[in-house]
Amino acid sequence: MRTATVTRNTLETQITVMLNLDGTGQGRFETGVPFLDHMMDQIARHGLIDLDVKAVGDLHIDAHHTVEDIGITLGQAFARAIGDKKGIRRYGHAYVPLDEALSRVVIDLSGRPGLVYHVDYTRASIGQFDVDLFSEFFHGFVNHSMVTLHIDNLRGHNSHHQAETIFKAFGRALRMACEHDERMAGITPSTKGTLSI
């Protein structure tokens with residue numbers, strides 16, 4: 001099993017992430033940010049990743065530090081769990097619709113951090129959640145998981161649907177990229193011979 005547990009403590013947040021890339025989609029989330037919990041559940045269920053996230057943050061200020069630091073810690077846990085990347089597909093992609101909304105996510109487990117994020121939310125917030133924080137979450141993830149990630153919301157007018165299609169597509173793309181490819185057994189899928197910087 002490709003698993004990892006990472007704890008990250010700062011003066012602003014205390015976060016523990018446990019994940020199993022070869023799980024069954026089980027998730028437990030206690031972050032104090034309910035809509036983020038809902039989105040991370042999409043990652044777990046659609047990525048077939050067992051994911052347990054506990055966070056205590058300075059929510060009396062706002063959710064920014066908590067959301068960003070969860071992305072960072074999740075990225076660190078992913079980087080540890082994926083290991084040397086031998087025999088994996090490396091690339092993953094998914095298109096996911098939800099009613100009128102459609103999003104595309106493409107990922108490369110490249111060893112190089114990069115985020116291209118094209119999402120024009122139709123509202124500034126979903127309930128109490130500031131949609132700008134999704135960008136912070138994904139920036140934190142890519143910078144610490146060392147992956148290249150392209151996220152495009154292709155259409156949608158309901159911001160909840162826009163966000164949900166993004167996270168579902170992210171989970172499915174991640175699942176595809178992490179899958180073992182029998183034809184690549186023992187091989188690093190790179191002409192460089194490495195997928196680290």
| message | Suppose the criterion is salt bridge (charged side-chain N to carboxylate O under 4.0 Å, His left out): which pairs have a residue in residues 132-156, not counting sequence neighbours? | response | Arg104-Asp152
| For residues 1-11, which residue pairs qualify under salt bridge (charged side-chain N to carboxylate O under 4.0 Å, His left out), counting only residues two or more places apart or in two chains? | Arg2-Asp22, Arg8-Asp69
Identify the heavy atoms of [X] and [Y] that sit nearest to each other, and give their distance.
X	Y	answer
Val17	Ala77	CG1-CB, 3.9 Å
Pro97	Thr165	C-CG2, 3.7 Å
Gly92	Ala177	N-CB, 3.7 Å
Ala81	Leu19	CB-CD1, 3.5 Å
Phe29	Ala44	CZ-CB, 4.3 Å
Ser125	Ser159	O-OG, 4.2 Å

Quick one, [X] and [Y] - any side-chain contact, counting heavy atoms below 4.5 Å?
X	Y	value
Tyr95	Leu154	yes
Thr122	Asn158	no
Asp108	Arg90	yes
Ile82	Leu109	yes
Val67	Phe134	no
Val119	Ile166	yes
Leu51	Leu74	yes
Thr66	Leu59	yes

Is [Y] reachable from [X] through a run of I, L, V, M, F, W or Y residues, each pair having side-chain heavy atoms under 4.5 Å apart?
X	Y	answer
Val56	Val53	no
Met176	Tyr91	no
Leu174	Leu115	yes
Met40	Val131	yes
Leu149	Tyr117	yes

Using 0.5 Å steps for rounding, measure from the [atom1] atom of [X] to the [atom2] atom of [Y].
X	Y	atom1	atom2	answer
Lys54	Ile70	NZ	CD1	12.0 Å
Glu68	Ser135	CD	OG	9.5 Å
Met146	Phe78	CE	CZ	12.5 Å
Ile88	Cys178	CD1	SG	6.5 Å
Arg28	Asp41	CZ	CG	12.5 Å
His157	Glu100	NE2	CD	4.0 Å

| query | Does a donor on one side chain and an acceptor on the other come within less than 3.5 Å for Asp37 and Thr31? | reply | yes
| message | Ignoring hydrogens and geometry beyond distance, is a side-chain donor-acceptor pair present between Ser103 and Asn153 at under 3.5 Å? | response | yes
Are [Y] and [X] an aromatic pair, judged by ring center distance below 6.0 Å?
X	Y	answer
Phe35	Phe167	no
Phe141	Phe170	yes
His38	His160	yes

| request: Start with the C-alpha gap between Thr16 and Thr7, add the side-chain angles, then the distance that decides, and say whether side-chain hydrogen bond (donor to acceptor under 3.5 Å, both in side chains) holds. | output: CA-CA 4 Å; Thr16 297; Thr7 296; 3.0 Å; yes
Between [X] (side chain only) and [Y] (backbone N and O only), is there a donor and an acceptor less than 3.5 Å apart?
X	Y	answer
Arg172	His93	no
Thr13	Ile15	no
Asp58	His60	no
Asp50	Gly25	yes
His144	Gly140	no

| Crowding at CD1, Ile61 (>12 non-hydrogen neighbours, <6.0 Å) | yes
| message | Glu164 and side chain to side chain contact (heavy atoms under 4.5 Å, CB included): which single residue from Gln162, Lys168, His161 fits? | response | Lys168
